[in-house]
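Data block below; observations after.
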Amino acid sequence: MKTKPQPLYGLDLLHAGMEALADVEQAGIRIDVAHCEEQRRRMKKREEKLQQRIKDSEIGQQWVKRFGPQTTWGSGQQLAKILFEDFGYVPKVKTASGAASTSEAALEHIDDPVVKDWIQLKSTVKILSTYLGNFQREEVNGYIHPFFNLHTTRTFRSSSDRPNFQNIPVRDKRVRNIVRKSIIPRPGRRIVEIDYGGVEVRVAACYNKDPKLIEYINDPEKDMHRDMAAECLKLDLSEVTKEIRHVGKNGFVFAEFYGSYYKAVARGMWALIQGVKLPDGMEVLDYLCNVHGIGRLGLCESGHEPEPGTFEHHIMQVEEYFWKEMFHAYYKWRQDFYRAYVKRGYFDTLTGFRCQGHMKRNDVINYPVQGSAFHCLLWALIHLNWELKARKMSTVIIGQIHDSIIADVPDSEFDEYVEIAKQIMDEEIRKVWDWIIVPLEVEVERTPVDGDWTQKEVFE
DNA sequence: CACTGGAGCCAC
DNA sequence: AAACGTGGCTCCAGTG
């Protein structure tokens, strides 16, 4: 290392962070302008076609009859009136203010191709305006320069805008391919993305020092998401597939860590396991019903005692085990930390920030973890940027997404870049921040030389 | 015409 | 007692 790691805290961390992120903004991200333009044309055509199909349908004719010159094809409110008042469909989901929802989940049960077209229309417009349109609007000489802010969030995380580089579609394969193919490396180079694995859980362990949680983190053989999936669905560990583990991770462990509770968790998991199969092909739902007699979700309403034999009742018991036995120290930390906030009116984070003001319980237990987890990433980004400059490398950091650093790297510098990044992210950070009491892990992904962002693959 | 809040949806 | 955290962007609908 050519630069000396600094134990930055609080304002010093933000100051150095702003300087580093200014470099990132200046470097910018290369855009495939021709691809962007071509996809915009395609999406524009698709928008017109979908709109025409809706217009020509029975629903469309009723729409014009009812709203006349006020007809707005993108209006969910208007569609709700047509579907639920004129066509007699029954609204299943309500919005926060009590109106009939027209979200994708709310329209799922309506078996009409025109409704599917409308959902597609909304998706197409979003791709067109929020993503491709913004890339084009912000593009200068083939590059966009998204802003990365450190002054906007309650948690002392970052945000990004103009355009937001932190919410580019990745999960939906079709949308990912349309949008992410616009992001490319500089000629002859790769996009390299290095992210911290499970950094929020690791930072949580630094706050609560829960021995069980630390054990899970330290032992590569152990896996709490797999274990909790097995508990929740009454499975043997060997039966936990990747998909079932996903249910345990996002449906149970993360939900509980963020402050949810068994009624909401049971409801959410029940939705997640619809159609999910065991390795032998049996449906998880059938398995729970036939082998364990759990055939119903249960009411899941506050004030209502869970009925034995329901999924809700079972998840209540798993939750009890999770907090009272397994992660008892984590549970106690949450209680103590929140009580101290209520008494004093503020709390301090491990990275040197004081949070004050009106906060709910879940805010108080989440902000410090979320903020400090990001600060690990920020600290690493600052030092990586210093080191790249000190070595006069041509690699540039081009973005940051909460727990990952994205760089534009010539093939000739790839090995050196990964070595420096790992050294900083795994090793150096723990030397200056002694509050980090668990190891940190990173994963490296890279695109081929001249490959677009959809082509990134795990390296090693 | 500027502005605002709701709803929805994208990411971590 | 309460009950899944953080952001940004767009369209729509209403207000002044």
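Side-chain atoms are counted along with the backbone in the values below, which use heavy atoms only and exclude waters and symmetry mates. Labels below follow one simple rule: chain letters A, B, ... track the order of the sequence lines, proteins then strands, and each chain is numbered from 1.
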- Partner set under salt bridge (charged side-chain N to carboxylate O under 4.0 Å, His left out) for Asp117(A), not counting sequence neighbours: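 Salt bridge (charged side-chain N to carboxylate O under 4.0 Å, His left out) list for Asp117(A), sorted by chain: Arg53(A).
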- Message: Please enumerate all residues that pass salt bridge (charged side-chain N to carboxylate O under 4.0 Å, His left out) together with Asp23(A), with sequence neighbours excluded.
- Response: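 Testing Asp23(A) for salt bridge (charged side-chain N to carboxylate O under 4.0 Å, His left out), a comparison that skips the adjacent residues, returns Lys389(A).
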- Query: So where does chain A start and stop touching DNA chain C, 5' to 3', when the test is distance under 4.0 Å to a non-hydrogen atom?
  - Reply: dA3(C) to dA13(C)
Answer with base, sugar-phosphate or nothing: what part of the nucleic acid does [X] contact at a heavy-atom distance below 4.0 Å?
X: Tyr367(A); value: sugar-phosphate
X: Gln78(A); value: sugar-phosphate
X: Ala255(A); value: base

- Query: Is the centre of the Phe156(A) ring less than 6.0 Å from the centre of the Phe374(A) ring?
  - Reply: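 Distance test on ring centres: not under 6.0 Å, no.
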- Message: Just checking Trp118(A) against Trp73(A), ring centres under 6.0 Å apart?
- Response: no
- Task: With sequence neighbours left out, write down each residue that passes side chain to side chain contact (heavy atoms under 4.5 Å, CB included) with Glu243(A), or none if nothing qualifies.
- Result: Thr241(A), Val276(A)
- Taking only residues two or more places apart in sequence or in another chain, which ones pass side chain to side chain contact (heavy atoms under 4.5 Å, CB included) with Val418(A)? Phe414(A), Lys422(A), Val444(A)
- Query: Which residues pass the ring-ring contact (aromatic ring centres under 6.0 Å, His included) test with Tyr207(A), sequence neighbours left out?
  - Reply: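 By the ring-ring contact (aromatic ring centres under 6.0 Å, His included) rule, Tyr207(A) matches Trp333(A).
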- Message: For Asn149(A) and Asn250(A), find the nucleotide of DNA chain C closest to each by heavy atoms; which residue's nucleotide sits nearer the 5' end?
- Response: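 Comparing both residues, the 5'-ward one is Asn250(A).
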Donor-acceptor list for residues 162-170 of chain A side chains, cut-off 3.5 Å, not counting sequence neighbours:
from, atom 1, to, atom 2, distance (Å)
Asn164(A), OD1, Gln166(A), N, 2.7
Gln166(A), OE1, Ser160(A), N, 3.4
Gln166(A), NE2, Ser158(A), OG, 3.3
Gln166(A), NE2, Gln400(A), O, 3.0
Gln166(A), NE2, Gln400(A), OE1, 3.0

- Item | Aromatic Tyr331(A) / basic Arg334(A) pairing, under 6.0 angstrom, 45° off normal | no
- Query: Is NZ or CZ of Lys222(A) both nearer than 6.0 Å to the six-membered ring centre of Tyr216(A) and within 45° of the ring axis?
  - Reply: yes
- Query: Under 4.0 Å between a Lys/Arg side-chain N and an Asp/Glu carboxylate O for Glu441(A) and Arg202(A)?
  - Reply: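 Yes.
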Atom pairs and distances, side-chain donor-acceptor, residues 249-256 of chain A, under 3.5 Å, sequence neighbours left out:
from, atom 1, to, atom 2, distance (Å)
Asn250(A), ND2, His246(A), NE2, 2.9
Glu256(A), OE1, Trp323(A), NE1, 3.0

- Message: For DNA chain C, which residues of residues 52-76 of chain A approach it to below 4.0 angstrom with any heavy atom?
- Response: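 Correct list: Thr72(A), Gly74(A), Ser75(A).
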- By a strict heavy-atom criterion of less than 4.0 Å, which residues belonging to residues 318-354 of chain A are in contact with DNA chain C? none
- Go along nucleotides 4-12 of chain B 5' to 3' and tag each nucleotide: B for a protein heavy atom under 4.0 Å from its base, S when only backbone or sugar atoms are that close, - otherwise. --SSSBBSB
- Message: Taking side chain to side chain donor-acceptor pair (under 3.5 Å) as the cut-off, I'd like each qualifying pair that reaches into residues 375-384 of chain A, sequence neighbours left out, listed once.
- Response: Thr351(A)-His375(A)
